[in-house]
Visitor: 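This is the structure I want to talk about, given as structure tokens.
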Amino acid sequence: GAGVSQSPSNKVTEKGKDVELRCDPISGHTALYWYRQSLGQGLEFLIYFQGNSAPDKSGLPSDRFSAERTGGSVSTLTIQRTQQEDSAVYLCASSTPPRQGLNQPQHFGDGTRLSIL
Amino acid sequence: DAKTTQPNSMESNEEEPVHLPCNHSTISGTDYIHWYRQLPSQGPEYVIHGLTSNVNNRMASLAIAEDRKSSTLILHRATLRDAAVYYCILRVTNDYKLSFGAGTTVTVRA
């Protein structure tokens, strides 16, 4: 079946430009997560959406980062005025609604590799 | 946050079993043990999870110590496709986000 789809797979942009990264979750998955993975580092949580609830934005590193989820499905992560330290792989994951102690596996896309020149 | 400790790397021969250890001495009674793996240039992939009893699925087995302070992921017959970074993660109750550490890099020799 179709997994989590992210686009673009690669993005190269100049410092100071804005970028938008897109995530299409698995159909029926109401929970959606964004993480980022910098070179040689572990995955860092950014933001979490669950249904119509207010998102948990506690992992966003600065106010240049924002995300939205339209219609409970597709999500867009926006980085304004990009800096070189924003270079990383941005990963999106989705899962079925939380229940039974939040043990639903998260299904990841292959990420968007963002390079800031 | 509950922490896990894993070896940095392990090597295995193809078609041999691989035992990946994970220490989690500060685990609390309701924390689940999850394993994910990440193949090169791909996003992480769920492998298995458990609470107290040993668990088996088509990908692997999870053996959990009686005191729950450690666990072992077992790949029964390693293939070249199993070469990846394996992450042992404690899923803390009411915390939906996954906290990834450095993981164990598994190399499989043909």
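Here is the naming used below: chain letters follow the sequence lines, and residue numbers restart at 1 for every chain.
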Visitor: Would you find more than 12 non-hydrogen atoms of other residues, nucleotides or ligands less than 6.0 Å from Asp67(B) atom CG?
Guide: yes

Visitor: Looking only at non-hydrogen atoms, find the nearest pair between Tyr87(B) and Gln37(A) and report the distance.
Guide: OH-NE2, 3.7 Å

Visitor: Could you grab the distance from atom CD of Gln104(A) to atom CZ of Arg91(B), nearest 0.5 Å is fine?
Guide: 7.5 Å

Visitor: Considering residues at least two apart in sequence or located in another chain, which fulfil the side chain to side chain donor-acceptor pair (under 3.5 Å) criterion with Glu20(A)?
Guide: none

Visitor: Quick one: what part of Leu39(B) sits under 4.5 Å from any heavy atom of chain A, side chain, backbone, both or neither?
Guide: neither

Visitor: If you count heavy atoms of other groups shown closer than 6.0 angstrom to CD of Glu66(B), is the number above 12?
Guide: no

Visitor: Please output the side-chain donor-acceptor pairs of residues 8-15 of chain A that fall under 3.5 Å, not counting sequence neighbours, one pair per line with the distance.
Guide:
none

Visitor: Answer yes or no: does atom CZ of Arg64(A) have more than 12 heavy-atom neighbours from other residues, nucleotides or ligands under 6.0 Å?
Guide: yes

Visitor: Mind checking what makes side chain to side chain donor-acceptor pair (under 3.5 Å) contact with Ser58(A), not counting sequence neighbours?
Guide: Asp56(A)

Visitor: Please find the pair of heavy atoms, one from Leu43(A) and one from Pro44(B), that lie closest to each other, and give the distance.
Guide: CD2-CG, 3.7 Å

Visitor: What are the residues of residues 107-117 of chain A, in order of number, with any heavy atom under 4.5 angstrom from a heavy atom of chain B?
Guide: Phe108(A), Gly109(A), Asp110(A)

Visitor: How long is the gap from CD1 on Ile89(B) to CD on Gln106(A), to the nearest 0.5 Å?
Guide: 8.5 Å

Visitor: Rounded to the nearest 0.5 Å, what's the gap from OH on Tyr96(B) to CZ on Phe45(A)? Could you check?
Guide: 5.5 Å

Visitor: Counting distance only, does the side-chain N/O of Tyr35(A) pair as donor-acceptor with the main-chain N or O of Lys97(B) below 3.5 Å?
Guide: no

